[in-house]
Amino acid sequence: MAKLRAVRGTQDLLPEAWARHCHVEETARRITGLFNYRSVATPVFEFTEVFARTLGETSDVVTKEMYTFADKGGDSLTLRPENTAGVARAFISGNLQQQLPLKYFYSGPMFRHERPQKGRLRQFHQIGIEVLGVAGPAADIEVIQAGAHVLDALGVRDLTRLELNTLGDPDSRTAYREALVAYYARRESELSEEGRSRLQRNPLRLLDSKDERDKAVSADAPGYDDYLNGQSTDFFAEVCEGLDALGIAYVRNPRLVRGLDYYGHTAFEFTTDALGAQGAVIAGGRYDGLVATMGGPPTPGIGWAGGIERLAMLTTDYPEASPVVSLVPVGPAAEKQALPLADSLRRAGIAVDLGLSGNLKRRMQQANRIGARAAVLLGEDELAKAVATVRDMESGEQREVPIDRLAAALAP
RNA sequence: GUGCCCAUAGCUCAGUUGGUUAGAGCGCCUGGUUGUGGUCCAGGAGGUCGCCGGUUCAAAUCCGGUUGGGCACCCCA
């Protein structure tokens, strides 16, 4: 079989798949545009520390999933595993703090060295939005609303459910973390090996372990609600009220935590059961500490990212390419006429496929294969009369049309 | 990174306890039609059975390794 293949975990997006892909992206850009999120693009690679420092030294993304390489100058660069850090870096690099608040939309490839699985690739694509500079829950509500709206527009909202949680402010999180560590440390011997590792790395993650032993211990673990301070509780309550007022349904998932360190307060995921284990299609949360962590002016932020491939898999209908007209010249004289004729038709807004080789029969087959709505035949007979034969490819009916009226006759 | 399953024509798959020239449907090509597609008819091309090695008189079939894929874990979009 072919010796030349795409790198593991990457794929070619050929016309049909790419059309779905583009549909997801364009829909998201259009909908977030209605919320006044402006489209931006940041580099596909950054200095490694942009990700290493912000995502959390112990996170899986940093410890084992990054595509890191040295460039010729000796700098360590990394292909972006996600785009929030890149946007934050751009915000700092560009001194954009005077323009706050900012609302950005992005779309593009991300890279993670993971074992490929359904809905999980090494090069995958994300759409996402970020709001910088809004500390209050209004931003959380709008960001979630925009996500819901995108899913609506894609026709996949009813395949998903919104899970919501709060990670609290830093004080609450610290207090809760201490309580959890104290609790789990007491029963450490009952935990799985992986569970003990999480206790060291990220105790919050013990809460959503799927290991039965960990689950058993977690059943009696202290709840976060008891450790949230008033400010955190009020913030979350306002987010919930806002969603209620908008009629956006959600389920509280107290075990929903984020793998990346910079999240606090609101955390949410739109998940689906239709994609196996990779259920999250849009996920995000608030990251008030991120920009300051990177050395920028303390700036609150919130956003989400959505997996284009995952969303595309849920999408059943997407607009098909509008049918074209095939221009079929017969003979050398007609070949010469065909180029300028095709040009004038295209300038009139008509999509024209000009068969570039083959005899009449072959070009008719080609017209059929590409689903042309009409074939325009141009041969000796037609040239002599300054007409073209227009064949309706569905009915097979043919009629002669003067060449100077072709554009009007072919208008969709 | 760990575990389980899978790998035969361009695509989807058959291939019986290892046994002669590995099959089907779809697709592709040619002809029936010298200026006419899609339907129909006739014919044709196309596979070192993922790759490497082993067992055997004999391997697509059994064994080991490897690569790729699927599913789950881990983690995440």
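A note on names: the letters A, B, ... follow the listed sequences, proteins ahead of strands, and every chain is numbered from 1.
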Assign A:Gly128 to base, sugar-phosphate, or nothing according to its heavy-atom contacts below 4.0 angstrom with the strands shown. nothing
Taking 4.0 Å as the cut-off, does a side-chain nitrogen or oxygen of A:Arg362 come that near to OP1 or OP2 on B:U30? yes
Looking across every strand, which nucleic acid part, if any, lies under 4.0 Å from A:Val281 by heavy atom: base, sugar-phosphate, or nothing? sugar-phosphate
Identify whether any heavy atom of A:Ile282 sits under 4.0 Å from a base atom; if not, whether one sits that close to sugar-phosphate; answer base, sugar-phosphate or nothing. sugar-phosphate
Expressed in angstrom and rounded to an integer, what is the separation of A:Met66 atom CE from B:G1 atom P? 17 Å
In whole angstroms, the gap separating P of B:C40 from CG of A:Asn368 amounts to 13 Å
Roughly how far apart, to the nearest Å, are B:A9 and B:A60 at atom P? 14 Å
Between B:G37, B:C76, B:C71, spot the one nearest the side chain of A:Gln365, thanks. B:G37
Pairwise C1' distance for B:A58 and B:G18, with rounding to whole Å: 8 Å
Regarding A:Gln398, tell me which of base, sugar-phosphate or nothing describes its non-hydrogen contacts under 4.0 Å with the strands shown. base
Are A:Gln117 and B:A72 close enough that a side-chain N or O sits under 4.0 Å from OP1 or OP2? yes
Using a 3.5 Å cut-off on both pairing distances, which stems of three or more Watson-Crick or G-U pairs include RNA chain B? B:1-7 with B:67-73, B:10-13 with B:23-26, B:28-32 with B:40-44, B:50-54 with B:62-66
Is the side chain of A:Arg112 donor-acceptor paired with the backbone N or O of A:Pro81 at a distance under 3.5 Å, no angle test? yes
For A:Gln126 and B:C76, what is the distance between atoms CD and P respectively, to the nearest whole Å? 13 Å
Does a side-chain N or O from A:Lys118 land closer than 4.0 Å to OP1 or OP2 of B:G70, or not? no
Under-4.0 Å side-chain N/O to phosphate OP1/OP2 contact, A:Lys361 with B:U36: no
When we call it a touch if two heavy atoms are under 4.0 Å apart, what does A:Gly371 touch: a base, just sugar-phosphate, or nothing? nothing
Measure from CD on A:Gln366 to P on B:C29 and round the result to the nearest Å. 10 Å
Please measure how far the P atom in B:C49 lies from the corresponding atom in B:G3, and state the result in whole Å. 29 Å
Comparing nearest nucleotides in RNA chain B, the 5'-proximal residue of the pair A:Leu378, A:Gly119 is A:Leu378
C1' spacing across the pair B:A14 / B:C71, given as an integer number of angstrom: 25 Å
From CD (A:Gln11) to CZ (A:Phe124), nearest 0.5 Å: 12.0 Å
Integer angstrom distance from the C1' of B:C29 to that of B:G70: 34 Å
Whether A:Arg161 side chain and A:Thr272 backbone form a donor-acceptor pair below 3.5 Å: no
Report the residues that fulfil side chain to side chain contact (heavy atoms under 4.5 Å, CB included) with A:Arg346, sequence neighbours left out, ordered by chain and then residue number. A:Ala342, A:Val352, A:Leu354
Looking at A:Arg310, I'd like to know whether one of its side-chain N or O atoms comes within less than 4.0 Å of OP1 or OP2 on B:C76. no
Short question: side chain of A:Arg80, backbone of A:Pro109 - any donor-acceptor pair under 3.5 Å? yes
Classify A:Asn359 by what it touches in the nucleic acid, base, sugar-phosphate, or nothing, heavy-atom distance under 4.0 Å. nothing
Identify whether any heavy atom of A:Glu382 sits under 4.0 Å from a base atom; if not, whether one sits that close to sugar-phosphate; answer base, sugar-phosphate or nothing. base
Counting side-chain heavy atoms from CB outward, which of B:A77, B:G38, B:U33 is closest to A:Ala283? B:A77
Counting only side-chain heavy atoms from C-beta out, which of B:A77, B:G38, B:G35 sits nearest to A:Glu380? B:G35
Between A:Leu121 (CG) and B:A77 (C1'), how many Å, whole number? 10 Å
Give, for atom CD1 of A:Ile302 and atom NZ of A:Lys103, the distance between the pair rounded to the nearest 0.5 Å. 12.0 Å
For A:Glu394, is there any backbone N or O sitting under 3.5 Å from a side-chain donor or acceptor partner on A:Asp392? yes
A:Arg8 has a side chain; which of B:C75, B:G68, B:C4 sits nearest to it? B:G68
Side chain A:Arg310, main chain A:Val281, donor-acceptor under 3.5 Å: no
When the distance from NE2 of A:His113 to P of B:C76 is rounded to whole Å, what number comes out? 17 Å
Could you give the distance separating B:G65 and B:C74 at their P atoms, to the nearest angstrom? 26 Å
Toward the 5' end of RNA chain B, which comes first, A:Arg369 or A:Thr389, by nearest nucleotide? A:Arg369
Considering only the C1' atoms, how many Å lie between B:G47 and B:C13, rounded to the nearest integer? 14 Å
Can you tell me the distance, in whole Å, between the CZ atom of A:Arg122 and the P atom of B:C75? 18 Å
Among B:C71, B:C75, B:U36, which is the nearest nucleotide to the side chain of A:Arg115? B:C71
With A:Val325, the side-chain contact (heavy atoms from CB on, under 4.5 Å) member among A:Ile350, A:Val390, A:Leu406, A:Asp353: A:Ile350
For A:Met313 and B:G70, what is the distance between atoms CE and C1' respectively, to the nearest whole Å? 13 Å
With sequence neighbours excluded, tell me which residues meet side chain to side chain contact (heavy atoms under 4.5 Å, CB included) with A:Arg187. A:Tyr183, A:Glu190, A:Val217, A:Asp220
Ignoring hydrogens and angles, does a donor from either the side chain of A:Arg120 or the base of B:C75 sit under 3.5 Å from an acceptor on the other? yes
Expressed as a whole number of Å, how far does the P atom of B:U61 sit from that of B:A22? 14 Å
